[in-house]
Amino acid sequence: MLSLLPPVVAIVLALNTKEVYTSLLVGIATGALLFANGNLELAVTTLFFNEDGGMVAKLSDSSNVGILVFLVMLGILVALMNKAGGSAAFGRWASTHIHSRAGAQFATLLLGVMIFVDDYFNCLTVGTVMKPLTDSYRVSREKLAYIIDSTAAPMCIIAPVSSWAAAVGSSLKSTGAFQSDFQAFVSTIPYNFYAIFCLLLVLYLSWTNRDFGPMKKAEENALLKSVEDKGSGATVEKPKHAQSDKGTIWDMLLPLIALIVFAVLALLYDGGYWGKDAAYHTVAAALGNCSASKALVWASFGALGVAFIMYIPRRVVSFHNFMEGCLLYTSPSPRDCS
């Protein structure tokens, strides 16, 4: 029963303090203390230097560092798409083709399903793009947040091409039951019942406009008042950085498409699909032999290259602003982190 204590500590602290990272760290420290049977010195040593799970050991693992690099480059890509005005252009396009509250919610769900590469990437992009549209149809910010969050992680955990494939697969491969991290991840997909049912529930609630509990109250408040009214529980946010007025819908779609295409090609290449060993000259064999974290780093770097080629020659974003967008994401302020 004590094995449940670390997650309980982390969850309770997160709900009460609203400090997620600190709460996770305290939860991890609690687990280390249990592992060390109360020996404080051994707990600290375990927390940082344990060969199987210590922070230093995990950060020195090339697969884990690859995932971190991938996430950083994904964040840079989101920042650049917003800076180029691609996300805003997509929102304007959606507003001319969607004419109901159910349609706005369903479009949010559909975009969330399409951007399956990473859950943080999904939340950042879908939230930025769809917020103006859902606001115009008086969909509460609470409902928008629910739809985004209930499609981001559930979709990523059942999509073979995602950052979760690298993280989950590498953990399962260590058991020795699978030949590669990708094969390990794919084997879990049919058993992710939470993710599957979560997506089905979001689809049902979005299509029928049925709500219950606090969500129903939030939706009723949004219909009676402006979504930006304080009474609806939402706050008005201004863009952090100026957006280009030259951006088009393709300034968002093409980098995303490139990211997905490059990810698939990189997975096949790393798995030996075009290599000398004939045993990997099938898609299934190559995907089973690849390293997802390495392939995703290649893919995100390629997508950034596509964004550079699209934005700089057309002067949608200047070279200085392009590099500034990279630095602003990789060096966030304390407020950004919160």
On a heavy-atom basis, which atom in Ala152 and which in Cys123 lie closest, and how many Å separate them?
CB-SG, 3.7 Å
Can you find a pair of side-chain heavy atoms, one from Leu256 and one from Met114, that are under 4.5 Å apart?
no
Lys294 side, atom NZ; Ser62 side, atom OG - distance, nearest 0.5 Å
7.5 Å
Hey, quick one: are Ile196 and Ile157 part of the same hydrophobic cluster, counting side-chain heavy atoms closer than 4.5 Å, chains of contacts allowed?
no
Kindly indicate whether the side chain of Arg314, heavy atoms from C-beta on, has any atom under 4.5 Å from the side chain of Thr248.
yes
Could you see if Leu203 belongs to whatever hydrophobic cluster contains Leu144? Use Ile, Leu, Val, Met, Phe, Trp, Tyr and a side-chain cutoff under 4.5 Å.
yes
Taking side chain as C-beta onward, heavy atoms only, is Ser300 less than 4.5 Å from Leu259?
yes
In this structure, is the centre-to-centre distance between the rings of Trp298 and Phe262 below 6.0 Å?
no
Passes salt bridge (charged side-chain N to carboxylate O under 4.0 Å, His left out), Asp135 versus Arg141? Steps please.
CA-CA 8 Å; Asp135 283 358; Arg141 295 283 176 84; 2.7 Å; yes
Met130 versus Ala107, closest heavy-atom pair with distance
CE-CB, 3.8 Å
Do Ile312 and Ile76 share a hydrophobic cluster, counting only Ile, Leu, Val, Met, Phe, Trp and Tyr and linking them when any side-chain heavy atoms are less than 4.5 Å apart?
yes
Answer yes or no: is there a donor N or O on one side and an acceptor on the other, between the side chain of Tyr311 and the main chain of Lys83, under 3.5 Å?
no
Derivation and outcome, side-chain contact (heavy atoms from CB on, under 4.5 Å), residues Arg101 and Leu223:
CA-CA 10 Å; Arg101 295 183 81 249; Leu223 286 171; 3.6 Å; yes
Decide whether Ile260 and Val78 are clustered together by the hydrophobic rule: side chain heavy atoms of Ile, Leu, Val, Met, Phe, Trp, Tyr closer than 4.5 Å, transitively.
yes
For Trp250, I'd like to know if atom CH2 has over 12 heavy atoms of other residues, nucleotides or ligands within 6.0 Å.
no
Minimum heavy-atom distance between Ser187 and Pro190, given as atom pair plus value
O-CD, 3.6 Å
Passing option when Val126 is tested against Thr151, Leu111, Leu110 for side-chain contact (heavy atoms from CB on, under 4.5 Å)
Leu111
Straight-line distance of Tyr204 OH to Leu109 CG, nearest 0.5 Å
15.0 Å
Spell out, yes or no, whether Phe35 and Val44 are grouped together once hydrophobic residues are joined by side-chain heavy atoms under 4.5 Å, including indirect joins.
no
I need the minimum non-hydrogen distance between Val316 and Ala84, along with the two atoms involved.
CG1-O, 3.4 Å
Minimum heavy-atom distance Ala218-Ser140, with the two atoms named:
O-CB, 3.6 Å
Report yes or no: do Asn209 and Glu219 form a side-chain donor-acceptor pair below 3.5 Å?
no
Would you check if Thr108 and Thr134 make a side-chain contact, meaning some heavy-atom pair closer than 4.5 Å?
yes
When the ring planes of Phe193 and Tyr191 are compared, do they come out parallel, tilted or perpendicular, using 30° and 60° as the limits?
perpendicular
Any sub-3.5 Å donor-acceptor pair from Asn16's side-chain atoms to Val12's backbone N or O?
yes
Cluster partners of Val26, using ILVMFWY side-chain heavy atoms under 4.5 angstrom, listed by chain and number?
Leu2, Leu5, Val9, Leu13, Leu34
Straight-line distance of Glu19 CD to Leu25 CG, nearest 0.5 Å:
12.0 Å
Partner residues of Ile309 under the side chain to side chain contact (heavy atoms under 4.5 Å, CB included) criterion, sequence neighbours left out
none
Ignoring hydrogens, what is the shortest heavy-atom contact between Ser150 and Leu199? Give both atom names and the distance.
O-CD2, 3.8 Å
How many angstroms lie between atom CD of Gln105 and atom CH2 of Trp207, to the nearest 0.5 angstrom?
11.0 Å
Hey, is CZ on Arg210 packed in by over 12 heavy atoms from elsewhere, all under 6.0 Å?
no
CE-OG distance between Met55 and Ser60, expressed to the nearest 0.5 angstrom:
13.5 Å
Is there a side-chain contact between Val69 and Met73, using heavy atoms and a 4.5 Å cut-off?
yes
Leu24 CG to Ile11 CD1 distance, which is reported to the nearest 0.5 Å
9.5 Å
Within the 4.5 Å heavy-atom criterion, are Asn64 and Leu59 side-chain neighbours or not?
no
